[in-house]
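Presented below is the structure to which this report refers.
Just so it is clear: chains get the letters A, B, ... in the order the sequence lines come, proteins before strands, and each one is counted from 1.
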Amino acid sequence: MSDIPQFTAVNLLTGFLGSGKTTLLRRMLADPALADTAVLINEFGEAGLDHHLVERIDENMVLLQSGCICCTVRGELVDALRDLHSRRERGLIPVFSRVMIESTGLADPFPTLSTIKADPVLRHHFRPGNVITTVDAVNGEGNLDVYVESNRQAAIADWLVLTKTDLVGADVIEALEKRLRQLNPDATVIDVHDEALSVAALVGSSDATRGNGLQSVSGFYCEDSRELVTASGEVHSAAFRSFVITIDQAIDWTAFGIWLTMLLNRHGDRVLRVKGILNIAGEDRPVAIHGVRHLVHTPVHMGGWPSEDRRSHIVFIVDGLDATLLKRSFEAFAVVSSEPAHGPTPLMSQNR
Amino acid sequence: MCSLCGVLGGAEHWSDAAARPGVFTRNVERIDRRRERANRVAAANRILAAYALTLSDWQGSSFVLANKTGKSEVIEDLGHLWPAAERMIGRPCDPLDPGLVARLEDERRV
């Protein structure tokens with residue numbers, strides 16, 4: 001059983017009702033990159049249908065049918081993953097190196113990831129992988145206006161896949177993309193019809209990929225973060241907000257850990273996303289951190305700096321937290337190291 | 001287990017400098033490990049002072065959180081520190097509490 005990976009990535013495919021999750025899953029399953037993938041499909045309602053639509057019923061596919069994955073199915077999800085793992089270890093099913101979960105359109109995506117991390121068995125065998133969120137170009141803006149679930153699904157995404165873009169004009173797509181970038185500035189937005197859409201890239205391959213995924217061509221994905229507003233210009237009722245803390249000096253890892261654990265303990269429900277590249281005092285290479293609400297992934301040493309910029313950048317996507325106070329708190333906790341790393345520059349040079 | 005943090009006793013916490021290739025680590029050498037734990041205790045105590053709590057190392061494997069009257073609790077890592085501190089003082093430990101932030105800012109100016 002040496003082919004069984006030490007940790008199996010669990011990718012989550014989410015997106016609002018009717019946004020094209022199953023269509024995308026069908027396309028992904030036809031791609032060789034997903035050949036060794038176990039699939040879990042969750043549906044809300046009496047009768048499961050999606051698993052018929054994907055047309056790939058085999059022993060590696062499980063339908064979680066008893067309700068929404070964010071609440072009632074959590075136990076079932078644990079059981080299904082444990083069962084898959086057990087059958088793989090006993091050689092009863094082919095070795096799979098990845099799990100793909102298609103969640104219901106109304107699911108809050110966070111509990112799924114925390115379930116994997118919290119379960120005493122699963123945490124030793126599975127790791128949360130990329131989150132792929134489909135956003136319907138026809139109804140996407142309307143859903144973001146009305147449904148908090150839609151905002152959460154977009155905020156958590158590593159990849160935002162725009163669907164139904166052939167049904168609307170370029171101006172609608174542009175407006176939707178702009179809105180999504182405000183909500184989740186460091187996710188990659190891609191059109192489902194784009195020939196460059198790579199299934200292998202969507203699912204990623206390892207934690208190292210996640211760290212490197214923080215890099216954009218210009219160095220970092222968070223150049224357009226600001227307060228999230230509705231189309232009418234009002235601050236969004238859900239008070240989602242993204243902002244970046246940029247720190248010129250090296251960071252004291254220990255103080256940072258104390259500050260972030262304290263923040264997530266008290267406000268983890270409202271920290272939808274925290275993601276960053278850190279210049280740690282005493283370290284040559286940057287360290288990538290990646291967290292979703294109360295869950296923080298194991299920090300990853302990146303291979304090198306993405307650009308000449310040696311500052312630390314931390315992206316926050318929060319729900320109702322005061323960004324100014326959060327930055328003040330960060331500074332007051334002495335998260336920066338006493339070791340001057342890059343000269344007498346301002347502590348926070350970027351404040352959006 | 002802390003149901004909020006998803007942290008299990010004895011398991012590795014993200015803030016630990018895990019001695020494993022490919023992840024953030026400063027625990028490779030014994031001296032580093034001791035220094036890291038000492039730093040951790042000192043940094044935590046700076047914040048815990050605002051709540052009249054103290055943290056100390058326990059045999060290099062756990063930490064002991066205590067209040068002024070001697071009530072104490074063993075914790076494994078930073079993931080357990082704040083829920084334990086809140087239980088001990090009976091109120092939230094909020095890093096965004098303006099009073100706490102102002103206090104820490106004053107300390108930094110001294």
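Between A:Arg266 and B:Cys93, the closest side-chain pair of non-hydrogen atoms is not below 4.5 Å. Taking the side chain as every heavy atom from C-beta outward, A:Phe333 and B:Leu100 approach each other to under 4.5 Å.
Residue B:Arg103 does not touch chain A at all, counting heavy-atom pairs closer than 4.5 Å. Both the backbone and the side chain of B:Leu96 come within less than 4.5 Å of a heavy atom of chain A.
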Tell me, with the steps shown, if A:Asn265 and B:Glu86 meet side-chain contact (heavy atoms from CB on, under 4.5 Å).
CA-CA 10 Å; A:Asn265 175 63; B:Glu86 290 185 339; 3.4 Å; yes

Please lay out, stage by stage, how A:Ile258 and B:Trp82 fare under the test side-chain contact (heavy atoms from CB on, under 4.5 Å).
CA-CA 9 Å; A:Ile258 287 170; B:Trp82 300 111; 3.7 Å; yes

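One N or O on the side chain of A:Ser329 and one on the backbone of B:Pro95 form a donor-acceptor pair closer than 3.5 Å.
Taking CG of B:Asp94 as the start and CG of A:Leu263 as the end, the distance is 8.0 Å to the nearest 0.5 Å.
Summarising the geometry of A:Ala332 relative to B:Glu105, their closest heavy-atom pair is CB-CG, 3.8 Å, with the distance given to 0.1 Å.
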